[in-house]
There are 2 protein chains.
Amino acid sequence: MALEHAILVSLLEKPGSGYELARRFERSIGYFWTATHQQIYRVLKRMENDGWVAARDVPQQGRPDKREYSVADLGRAALSSWLHEPIEPESVRHDLAVKIRGAAFDDPAALVTEVRRHRAAHEERLARYLAGEVRDFTGTDARAAGVSEAERELQHAVLRGGIAYERMMIAWLDDVLGTLARFGPDS
Amino acid sequence: MALEHAILVSLLEKPGSGYELARRFERSIGYFWTATHQQIYRVLKRMENDGWVAARDVPQQGRPDKREYSVADLGRAALSSWLHEPIEPESVRHDLAVKIRGAAFDDPAALVTEVRRHRAAHEERLARYLAGEVRDFTGTDARAAGVSEAERELQHAVLRGGIAYERMMIAWLDDVLGTLARFGPDS
DNA sequence: CTTTCCATGTAACCGGTTACATGATTAT
DNA sequence: ATAATCATGTAACCGGTTACATGGAAAG
């Protein structure tokens with residue numbers, strides 16, 4: 001389990017409210033971890049009880065107050081010890097692969113639309129990542145205020161992972177489409 | 001949720017017991033879906049109650065009896081309808097990416113061992129997949145008895161996906177190692 | 001004689017998802 | 001008026017993981 005740790009990393013990069021964290025999990029953090037706001041609020045509360053994070057009420061004008069969280073010493077220590085313990089390389093879960101193998105017992109041609117939909121979704125994500133790369137990681141100083149070089153470079157490395165993943169998926173889905181095409185008229 | 005459907009596909013490819021299914025989920029099906037035997041037995045029972053699969057007791061010599069399951073009409077229909085409904089492209093979950101971004105707030109050099117471990121694990125998987133590809137998908141007729149061409153080709157396409165994934169991961173982890181190396185002496 | 005393989009389960013727990021709820025402000 | 005954004009939650013459910021349990025056969 002790493003949601004706690006993902007939250008710690010995000011709060012170390014920049015303190016924020018549960019709502020803001022939820023937004024980040026739709027964006028930058030989203031390409032390696034997802035979480036809904038319900039989950040985040042629940043975990044955040046537990047982390048506060050455990051002394052991993054500290055909250056501060058921030059009044060705002062024209063908007064509801066927010067509780068801004070930042071990482072406490074105990075949280076930093078928890079993250080550090082997690083970073084030092086080995087984790088098992090997780091295995092993937094691909095619904096689509098189940099469908100592809102299942103198509104052999106149904107109509108292979110019917111899957112083409114579905115595979116194309118997925119391909120489009122990955123293409124879209126790739127475009128988003130590439131745009132983010134240009135925005136955040138070009139120009140030596142642009143928006144580099146208060147961010148260490150290590151932080152910046154490691155974030156970039158993770159983003160490159162997301163980009164590589166999307167490119168691989170697109171290429172593979174093209175491969176699959178080619179295979180499906182050979183069973184178009186009939187099997 | 002697709003475990004039911006993964007089981008249906010596997011049983012369509014070849015009927016088998018819960019135990020045998022669990023083994024398959026460690027092998028061929030394992031590169032796109034994982035499941036433990038506990039989970040499989042539970043789901044299998046539910047599927048039998050729902051009439052998706054039918055069981056047949058098979059006595060064996062020198063071994064405990066087994067319950068061999070095969071797909072019933074209702075199961076085939078359930079699979080077909082699932083194949084025809086669109087599913088959302090799922091997003092990945094990478095503990096390792098959390099660690100990499102977290103390393104900026106700890107010791108980046110300490111992550112090198114961990115990343116190398118993961119790299120080795122992916123290298124090993126890649127070797128297994130490639131060996132499986134040679135074993136099962138070379139030679140026009142080898143072990144192709146009773147397996148349709150569509151079935152064979154689609155299985156191969158899924159395997160190529162696993163291979164592409166492992167290759168991408170290895171390349172990316174090399175990228176990460178290079179990035180980490182630049183923060184070796186100190187950040 | 002101890003480990004591994006075959007074979008099937010129960011029980012507890014917990015993280016993640018979905019549905020529901022509230023309430024103010026800003027934009028169309 | 002209506003929808004969208006900001007902001008924070010509760011409650012129910014359920015799939016997946018971990019631990020525990022049994023019991024015979026074959027292999028080292």
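Chain A is the first sequence line, chain B the second, and so forth, proteins listed ahead of strands; every chain is numbered from 1. Note that the structure is a prediction, hence the values are computed from the model and not measured.
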Nearest-0.5 Å distance that lies between atom CE in B:Met168 and atom OH in A:Tyr165: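 If we round to the nearest 0.5 Å, B:Met168:CE and A:Tyr165:OH are 8.0 Å apart.
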To the nearest Å, how far apart are [X] [atom1] and [N] [atom2]?
X       : N      : atom1 : atom2 : answer
B:Asp57 : C:dT8  : CG    : C1'   : 12 Å
A:Lys66 : D:dG9  : NZ    : P     : 14 Å
B:Leu21 : C:dG9  : CG    : C1'   : 15 Å
A:Glu90 : D:dT17 : CD    : C1'   : 15 Å
A:Arg93 : C:dG15 : CZ    : P     : 16 Å
A:Glu88 : D:dG16 : CD    : P     : 20 Å
B:Arg56 : C:dT8  : CZ    : P     : 13 Å
A:Asp65 : C:dG23 : CG    : P     : 16 Å

Taking OP1 and OP2 of [N], is either one under 4.0 Å from a side-chain nitrogen or oxygen of [X]?
X       : N      : value
A:Arg23 : D:dT5  : no
A:Gln39 : C:dT17 : yes
A:Ser17 : D:dT8  : yes

hbond_proxy A:Arg42 side chain to C:dT17 base (donor-acceptor, 3.5 Å cutoff):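 Under the 3.5 Å cut-off, the side chain and the base do form a donor-acceptor pair.
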Ignoring the backbone of [X], work out which of [options] is nearest its side chain.
X       : options                : answer
B:Arg67 : C:dT8, D:dT17, D:dC6   : C:dT8
A:Lys45 : C:dT17, D:dT10, C:dG15 : D:dT10
A:Gln38 : D:dG16, D:dC6, C:dC20  : C:dC20
A:Tyr19 : D:dT8, C:dG16, C:dA7   : D:dT8
B:Tyr41 : D:dA19, C:dA7, C:dC20  : C:dA7
B:Arg63 : C:dG16, D:dA7, C:dC6   : C:dC6

More than 12 heavy atoms from other groups under 6.0 Å of CD on A:Glu90: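 For A:Glu90, atom CD is crowded (more than 12 foreign heavy atoms under 6.0 Å).
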Test item: side-chain donor near acceptor, B:Glu133 and B:His156, under 3.5 Å: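 Their side chains do contain a donor-acceptor pair, which is all the 3.5 Å distance test asks for.
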Sugar-phosphate only, base, or nothing, as touched by A:Gln60 at under 4.0 Å among non-hydrogen atoms: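 It contacts sugar-phosphate atoms only.
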Contact nearer the 5' end of DNA chain D, comparing B:Val43 with B:His37: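 In this pair, the answer is B:Val43.
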Salt bridge flag under 4.0 Å for residues A:Glu48 and A:Arg67: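 Yes, this pair counts.
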Parallel, tilted or perpendicular, as decided by the 30° and 60° cut-offs, for the rings of A:His5 and A:Trp52: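 Answer is tilted, since the angle falls between 30° and 60°.
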Let me check something: any side-chain donor-acceptor pairs from residues 8-23 of chain A under 3.5 Å, sequence neighbours excluded? List them with distances.
{"residue": "A:Ser10", "atom": "OG", "partner": "A:Arg24", "partner atom": "NH1", "Å": "3.0"}
{"residue": "A:Glu13", "atom": "OE1", "partner": "B:Arg101", "partner atom": "NH2", "Å": "2.8"}
{"residue": "A:Glu13", "atom": "OE2", "partner": "A:Gln155", "partner atom": "NE2", "Å": "3.2"}
{"residue": "A:Glu13", "atom": "OE2", "partner": "B:Arg101", "partner atom": "NE", "Å": "3.0"}
{"residue": "A:Ser17", "atom": "OG", "partner": "A:Tyr19", "partner atom": "N", "Å": "3.4"}
{"residue": "A:Ser17", "atom": "OG", "partner": "A:Glu20", "partner atom": "N", "Å": "3.1"}
{"residue": "A:Glu20", "atom": "OE1", "partner": "A:Ser17", "partner atom": "N", "Å": "2.9"}
{"residue": "A:Glu20", "atom": "OE2", "partner": "A:Lys66", "partner atom": "NZ", "Å": "2.8"}

Along DNA chain C (nearest heavy atom to each residue), the more 5'-positioned of B:Glu20 and A:Gln61: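 Per heavy-atom nearest nucleotide, the more 5' residue is B:Glu20.
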